[in-house]
Peer 1: 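Provided herewith is a single structure, encoded as structure tokens, for subsequent inquiry.
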Amino acid sequence: MAQTHTEGPASASILLIGEAPGADEEATGKCFKGHDGRVLDSLLYQTPIVREACLITNVARERPPGNRIDFYFEDKKCTRPTNKMQLFVEQLKKDILFFRPNIVIGLGRTALWALTGQTSISQFRGYVMESTLVPGQKCIFTYHPGAVDNEWKLHFPCVMDLRKGYANSSSPALPQDKRSLNATSSRREFLDYLLFLLHDHKAPIAVDIEVKNPGTHIDIIGFADSPNHALSFDFFNGRHPRYSTSDEMEIWLSVARVLSKCNTIMHNGLYDINVLWEKLHIFTKNFYADTLIAGHVVWPEHPRSLGFLASILLNVPAWKHTSNQFPTLYNVGDAANTYGIWNALEAEMIKQNIKSTFDFEMSQVKPASMLQLQGIPINRETQKKLLHDDSIDDNGIAKGIYPRIKQLDSEIESALGKKVNLNSSQQLQKVLYEDMNLPTQYKRRKSVNETRKTTADSEALKKLARISNNPTLDLILEWKKLTKLSQFIEVEPSPKGTVHTCYNITGATMLREDKGLLIDDEEQYRSFGRWSSSASIILPYGSGNLQNVPKVARKIYEVPGKVIVSPDYMQAEAVVVAYLIEDRKLIELFEESYGKTKKYRSENNLDVHKVTAADMFCFPIEEVTPEQRQIGKTIRHANNYSAGPGVLATKLNIPLAEAKRLMTLYHLKCPQLHLWHERIKDELRKTRTLYNLFGRKHKFTDRWGDNLFRSAYSYIPQSTVGDLMNKALVKMYENYPDLIDLLLQLHDAVYAYCDPSEVPFVMKAMKECMLMPLEVNGREFTIDVDFSIGETWGTMKEVEYTDYVKESL
DNA sequence: GATTTTACGTA
DNA sequence: CGTACGTAAAATCT
């Protein structure tokens with residue numbers, strides 16, 4: 001079998017190491033000759049590295065069957081090499097010792113494993129390291145070009161790693177770590193350091209805490225006064241406190257003084273300041289900069305964990321892997337690197353002129369912190385009634401959720417003739433497609449290349465119920481619905497009777513409780529600038545995410561003696577889209593209905609969906625039936641997000657051909673939408689970057705194609721409305737601290753509570769905060785605001801603003 | 001016991 | 001060929 005060999009100029013300062021030869025490499029005997037080679041070339045093209053000036057080789061010198069590297073390993077995790085692989089690694093070692101390049105750039109997991117014994121490429125990429133295979137040998141690792149080609153989000157870190165590799169290639173010396181990090185400071189040392197920060201240090205400081213769970217006890221705190229100097233202090237010795245209560249108190253008092261004086265930099269400081277406040281009543285007075293937020297503003301499309309940002313922005317040794325063996329070393333590294341990352345990100349924001357987005361996100365920290373710690377009270381009586389009410393209505397149907405589920409259980413069991421776990425998609429599919437012989441339903445695919453997957457989701461069940469007329473399917477649907485609903489209602493409140501959530505200003509949640517430590521999740525980074533809501537780590541009471549509670553379950557949320565007032569932006573995304581695509585008819589409609597009462601709007605047919613229907617079917621608007629309005633609504637909705645005719649057919653329950661006809665008709669009547677889509681594609685082609693109406697940028701790094709386009713089409717309206725709402729929320733919090741008591745944020749609505757007598761004042765103030773002019777193509781417009789009021793969160797009713805707020809107010 | 005898949009709630 | 005988010009339970013892997 002043909003082998004590849006290390007090739008290139010013997011005096012090269014860089015040695016590139018891939019994984020194993022593929023078909024093209026095998027045929028030519030050269031490394032990186034085929035598709036991966038072209039990807040590598042395009043990656044290197046964005047760096048100063050010249051491929052011809054580099055040595056280049058692979059770990060495995062022979063092509064494994066099916067190009068599967070695990071062929072050379074005993075185990076699936078690829079940690080125990082076969083004899084053959086051991087020989088390859090020996091050969092690699094010989095080659096490195098022979099050529100002695102200044103730096104080895106390893107491409108992919110296998111190179112990382114061969115040179116260092118480490119296996120997690122995502123954890124160790126981007127850090128200059130010393131090889132364990134060849135001691136003294138400087139190396140750096142990044143993703144394999146094949147992986148980059150598969151997942152385009154890896155492109156950016158890979159290029160950054162290659163650049164770092166080049167920057168470190170001028171000499172064989174390992175970089176010197178100039179930092180002075182004290183991970184084992186004594187109490188005296190630490191106290192003296194805090195005094196120094198308090199009295200002598202003028203610049204900002206960086207802070208990081210570590211907590212022990214459950215209970216969220218702070219066990220380590222670290223401070224840095226520059227990127228190169230940090231101290232960390234451990235309150236515990238194993239599971240026991242190291243110092244007496246009074247000695248510990250002395251430290252906390254000093255910490256509190258420092259945090260009330262110094263400008264503070266943190267990574268995800270929203271968490272730290274909440275823990276410090278909730279557990280110790282330490283107030284971080286000048287929370288000055290957050291590197292999670294800065295990372296989000298600069299690169300919303302990339303990971304924002306400290307480890308990732310450090311790998312991109314700093315030239316420091318990897319330290320995240322020390323978290324388990326040496327927590328204080330990990331903490332002190334966090335503190336110092338947070339400082340360094342902030343310096344780099346601040347410069348980057350100024351360079352890109354996006355500091356205003358950062359300031360805006362920082363201004364959200366205080367209200368978000370308040371909302372999380374305050375929580376929302378629930379009514380345990382309502383909760384009990386919804387779940388357990390065993391009274392029965394006229395049709396013999398139990399009113400409570402649990403009794404009803406019980407009824408459904410037995411009905412379904414007798415209909416199916418056996419007990420089936422309806423939560424199990426497998427078991428349910430067996431019943432539907434084998435026992436009942438119903439036509440198999442398939443999931444919608446993201447692309448035609450994917451294999452079809454069978455499904456038993458609610459869409460499939462609804463369809464089967466329709467075609468088979470079997471009432472059991474409706475029972476199953478109801479069972480599933482109620483089971484899901486019950487999870488939102490059966491929440492355990494805090495001792496104070498409140499339920500808490502964690503708002504993530506930077507979108508997709510970053511932190512996950514994992515073996516008692518907070519670990520960064522590198523998976524999802526889309527974040528269009530809307531807050532996300534997840535389980536509170538500090539006050540773990542409630543169903544977690546509060547932004548997806550179903551209407552019925554919202555009934556348990558109420559503030560005793562108060563009413564809930566909620567403004568929301570009317571047709572917010574549709575208005576933004578109308579102005580973006582310059583849909584004259586709609587713009588006129590929105591301008592005419594702005595500030596008008598519901599009554600006026602309905603009397604004058606100022607209704608988007610009616611207008612759409614009238615336009616499509618060429619009717620006078622007065623004659624549009626409710627059914628036609630629904631069609632108009634569905635089509636507009638589907639088109640705004642560029643859904644296909646298949647979805648429309650399902651939604652409207654019409655044949656595919658009819659759906660296609662309706663869509664064509666819609667685009668004939670509203671050609672601006674497609675034109676706008678083309679403009680967006682043009683922008684993407686040029687820079688892959690879009691800016692929303694507030695200047696928030698987002699780079700779209702997915703593979704070029706329809707999925708990328710759809711994501712991009714939704715970006716500007718979605719993120720603009722999110723930012724608009726948050727700007728209003730910050731205004732409410734800052735301008736009306738006594739009048740507006742905020743309760744919840746739900747993307748395009750906020751909820752506040754107040755005494756019934758205060759409602760007009762609260763409404764007026766909220767509206768004032770929310771009405772903000774936006775601008776598209778030099779045209780100014782304002783999205784109108786609507787109000788709902790209710791005793792509970794689940795019983796909000798739309799009200800007329802002018803019925804409450806008279807001119808005289 | 002940890003990780004992945006499937007399903008489903010909201011804007 | 002809606003997208004964005006987070007969570008729960010089952011299935012699967014080790």
Side-chain angles (χ1 to χ4, degrees), chain A residues 75-77 79 300 421-429 443-450 453-461 477 480-491 501-504 506-512 514-515 521 523-536 542-554 568-569 571-574 577 634-648 650-651 663 677 698 700 702 705-719 721-722 725 744-750 793:
Chain A
D75 57 332
K76 270 202 164 169
K77 283 200 160 180
T79 52
N421 181 358
L422 300 173
N423 277 326
S424 157
S425 51
Q426 269 184 353
Q427 289 185 40
L428 187 54
Q429 284 182 43
K443 242 194 299 205
R444 232 200 302 286
R445 290 171 292 180
K446 281 240 155 82
S447 89
V448 270
N449 307 322
E450 289 174 42
K453 275 186 182 166
T454 59
T455 181
D457 62 14
S458 65
E459 200 187 315
L461 283 167
L477 273 164
K480 290 192 127 192
K481 191 111 193 155
L482 288 178
T483 308
K484 183 81 181 165
L485 179 61
S486 71
Q487 288 170 354
F488 287 101
I489 302 179
E490 56 197 22
V491 294
T501 190
C502 172
Y503 286 111
N504 310 293
T506 56
T509 182
M510 315 265 79
L511 303 163
R512 178 182 79 200
D514 216 6
K515 296 172 205 156
D521 189 325
E523 292 285 313
Q524 296 199 18
Y525 298 91
R526 290 198 168 273
S527 181
F528 284 3
R530 302 205 297 190
W531 288 10
S532 80
S533 157
S534 55
S536 168
S543 57
N545 182 353
L546 272 181
Q547 288 175 328
N548 71 341
V549 178
K551 182 115 194 264
V552 176
R554 294 179 180 188
D568 74 312
Y569 285 109
Q571 311 256 32
E573 289 189 25
V577 170
T634 312
I635 293 187
R636 174 165 295 280
H637 205 240
N639 275 309
N640 277 354
Y641 298 113
S642 61
V647 181
L648 193 64
T650 320
K651 281 244 164 86
M663 281 199 133
H677 284 174
H698 198 288
F700 291 82
D702 284 350
D706 284 349
N707 286 338
L708 170 71
F709 302 149
R710 265 197 300 277
S711 184
Y713 300 152
S714 61
Y715 171 67
I716 296 179
Q718 202 181 91
S719 73
V721 173
M725 185 73 256
L744 275 159
Q745 190 263 27
L746 246 76
H747 303 310
D748 68 357
V750 289
W793 183 27

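Keep in mind it's a predicted model, so treat the numbers as computed, not measured. We name chains A, B, ... by the order of the sequence lines, and we start the count at 1 in each one.
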Peer 1: So which atom in A:L744 and which in A:W793 form the shortest heavy-atom distance, rounded to 0.1 Å?
Peer 2: CD1-CE2, 3.4 Å
Peer 1: Given B:dA11, B:dG9, C:dG6, identify the nucleotide with an atom nearest to the side chain of A:N504.
Peer 2: C:dG6
Peer 1: Could you tell me whether the phosphate oxygens of C:dT3, OP1 or OP2, come under 4.0 Å of any side-chain nitrogen or oxygen in A:S711?
Peer 2: no
Peer 1: Report the distance from atom CG of A:L546 to atom C1' of C:dC5, rounded to the nearest whole Å.
Peer 2: 13 Å
Peer 1: Is the shortest side-chain N/O distance from A:R554 to OP1 or OP2 of B:dA11 below 4.0 Å?
Peer 2: yes
Peer 1: List the atom of A:Q487, the atom of A:S543, and the distance in Å for their closest heavy-atom pair.
Peer 2: O-CB, 4.4 Å
Peer 1: Backbone N or O of A:L546 within a donor-acceptor pair of the A:S533 side chain at under 3.5 Å?
Peer 2: yes
Peer 1: Identify the heavy atoms of A:G544 and A:T501 that sit nearest to each other, and give their distance.
Peer 2: O-OG1, 2.9 Å
Peer 1: Any side-chain N or O of A:K443 under 4.0 Å from OP1/OP2 of B:dT6?
Peer 2: yes
Peer 1: Might you point out which heavy atoms bring A:Q745 and A:V750 nearest each other, and give the distance in Å?
Peer 2: CG-CG1, 4.3 Å
Peer 1: Let me know the distance between CD of A:E459 and P of B:dA7, rounded to the nearest Å.
Peer 2: 11 Å
Peer 1: Mind checking if A:A638 touches a base, just sugar-phosphate, or nothing, with heavy atoms under 4.0 Å?
Peer 2: nothing
Peer 1: Look at the side chain of A:S711 and the backbone N and O of A:L708, then say whether any donor-acceptor pair between them is shorter than 3.5 Å.
Peer 2: no
Peer 1: Between A:K453 and B:dT6, is there a contact of a side-chain N or O with OP1 or OP2 at under 4.0 Å?
Peer 2: yes
Peer 1: Tell me which nucleotide among B:dC8, C:dT3, B:dA11 gets nearest to the side chain of A:K480.
Peer 2: B:dC8
Peer 1: Measure the distance from CD1 on A:I716 to P on C:dA4 and round it to the nearest whole Å.
Peer 2: 15 Å
Peer 1: Does the side chain of A:K484 get closer than 4.0 angstrom to OP1 or OP2 of B:dA7 through an N or O atom?
Peer 2: no
Peer 1: The side chain of A:R530 lies closest to which of these nucleotides: C:dA4, C:dG6, B:dG9?
Peer 2: C:dA4
Peer 1: Spell out, as yes or no, whether a donor-acceptor pair under 3.5 Å connects the side chain of A:E573 to the backbone of A:P717.
Peer 2: no
Peer 1: Tell me the interatomic distance from A:I489, atom CD1, to C:dT7, atom C1', rounded to whole angstroms.
Peer 2: 16 Å
Peer 1: Can you check the A:D457 CG to B:dT5 P distance for me, whole Å?
Peer 2: 17 Å
Peer 1: Let's go through A:V577 and A:R636 carefully: what are the C-alpha distance in whole Å and the side-chain angles of both, what is the deciding distance for side chain to side chain contact (heavy atoms under 4.5 Å, CB included) to 0.1 Å, and is it a yes or a no?
Peer 2: CA-CA 11 Å; A:V577 170; A:R636 174 165 295 280; over 6 Å; no
Peer 1: Counting the atoms with a prime plus P, OP1 and OP2 as sugar-phosphate, which does A:A749 contact under 4.0 Å by heavy atoms, base, sugar-phosphate, or nothing?
Peer 2: nothing
Peer 1: Side chain of A:S458 only, heavy atoms from C-beta on: which candidate in B:dC8, B:dA7, C:dT7 is closest?
Peer 2: B:dC8
Peer 1: Return no unless some side-chain N or O of A:S533 is found under 4.0 Å from OP1 or OP2 of C:dC5.
Peer 2: no
Peer 1: Tell me whether the centres of the aromatic rings in A:Y713 and A:H677 are closer together than 6.0 Å.
Peer 2: yes
Peer 1: What N/O pairs connect the protein and nucleotides 9-13 of chain C at under 3.5 Å? Give each pair on its own line.
Peer 2:
{"from": "C:dA10", "atom 1": "OP1", "to": "A:N421", "atom 2": "ND2", "distance (Å)": "2.6"}
{"from": "C:dA10", "atom 1": "O3'", "to": "A:S424", "atom 2": "OG", "distance (Å)": "3.3"}
{"from": "C:dA11", "atom 1": "OP1", "to": "A:S424", "atom 2": "OG", "distance (Å)": "2.4"}
{"from": "C:dA11", "atom 1": "OP1", "to": "A:Q426", "atom 2": "OE1", "distance (Å)": "3.3"}
{"from": "C:dA11", "atom 1": "O3'", "to": "A:Q426", "atom 2": "NE2", "distance (Å)": "3.0"}
{"from": "C:dT12", "atom 1": "OP1", "to": "A:Q426", "atom 2": "NE2", "distance (Å)": "3.0"}

Peer 1: If I take atom CG in residue A:L422 and atom P in nucleotide B:dC8, what distance separates them, rounded to the nearest angstrom?
Peer 2: 12 Å
Peer 1: With a 4.0 Å cut-off on heavy atoms, is A:V549 in touch with a base, just the backbone sugar-phosphate, or nothing at all?
Peer 2: sugar-phosphate
Peer 1: For A:H747 and C:dG2, what is the distance between atoms NE2 and P respectively, to the nearest whole Å?
Peer 2: 20 Å
Peer 1: Any idea which heavy atoms bring A:A749 and A:M725 closest together, and the distance?
Peer 2: N-SD, 3.6 Å
Peer 1: Nearest whole Å is fine: how far is B:dT10 P from A:N548 CG?
Peer 2: 8 Å
Peer 1: A:Q718 side chain: which of C:dG6, C:dA4, B:dT6 is closest?
Peer 2: C:dA4
Peer 1: CG/A:N423 to NZ/A:K484 distance, rounded to the nearest 0.5 angstrom?
Peer 2: 9.5 Å
Peer 1: Can you run through DNA chain C from 5' to 3' and write each base as (, ), [, ], | or . depending on how it pairs? Watson-Crick or G-U wobble, both distances under 3.5 Å.
Peer 2: ..|||||||||||.
